[in-house]
Amino acid sequence: MKYIGIDVSKATFVVAYSSSKGGEIHTFNNTTAGIKQFIETLPKDGSIHCVMEATGNYSALLLYMLNVVGITISMENPLKIKNFARPCSPLSRLTKSALGS
């Protein structure tokens with residue numbers, strides 16, 4: 001299973017593909033044509049799981065079109081993603097003594 005991260009905005013959405021060789025980032029228009037172009041780049045074997053933040057109406061068309069063609073997709077709460085990444089922050093490793101208190 002390969003995971004694809006999608007960041008959706010009003011005009012575009014950015015897709016981050018990960019692989020053993022590194023990653024790739026592509027931008028598509030957040031329109032029917034742009035979403036179809038993105039779907040054409042995906043393998044048809046069901047090995048893809050797309051993940052995106054809940055962004056209200058901006059992601060609705062993308063979510064719908066991916067679902068129609070049978071792509072597995074998860075929509076996550078942005079606060080959940082922020083809290084997941086928080087321990088990775090360099091500031092989380094600071095102790096009181098390092099801060100001088």
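The CG atom of Leu63 lies 10.0 Å from the SG atom of Cys50; values are rounded to the nearest 0.5 Å. Interatomic distance, CD1 of Ile35 versus OH of Tyr64, reported as 11.5 Å (0.5 Å rounding).
For the ring-ring contact (aromatic ring centres under 6.0 Å, His included) with His26, the qualifying choice from Phe38, Phe13, Tyr17 is Tyr17, the only one to do so. Shown are Leu61, Val68, Leu62; of these, the side-chain contact (heavy atoms from CB on, under 4.5 Å) with Met65 is made only by Leu61.
Around the NZ atom of Lys36, the shell of radius 6.0 Å holds no more than 12 heavy atoms that belong to other residues, nucleotides or ligands.
Between Asn29 and Gln37, the closest side-chain pair of non-hydrogen atoms is not below 4.5 Å. Looking at Leu42 and Leu66, their side chains come closer than 4.5 Å, going by heavy atoms from C-beta outward. Here the side chains of Ile39 and Ile71 are not in contact, with every heavy-atom distance at 4.5 Å or above.
Smallest separation of non-hydrogen atoms from His49 and Ile73: NE2-C, 4.1 Å. The two residues Val51 and Glu76 have their closest heavy-atom pair at CG1-CG, 4.1 Å. Taking both residues in full, the closest heavy atoms of Gly46 and Met1 are given as O-CE, 4.2 Å, listed atom of the first, atom of the second, then distance. Listed here is the closest heavy atom pair of Asn30 and Ser9: ND2-O, 2.9 Å. Residues Met52 and Ser59 approach most closely at SD-CB, 3.8 Å, considering heavy atoms.
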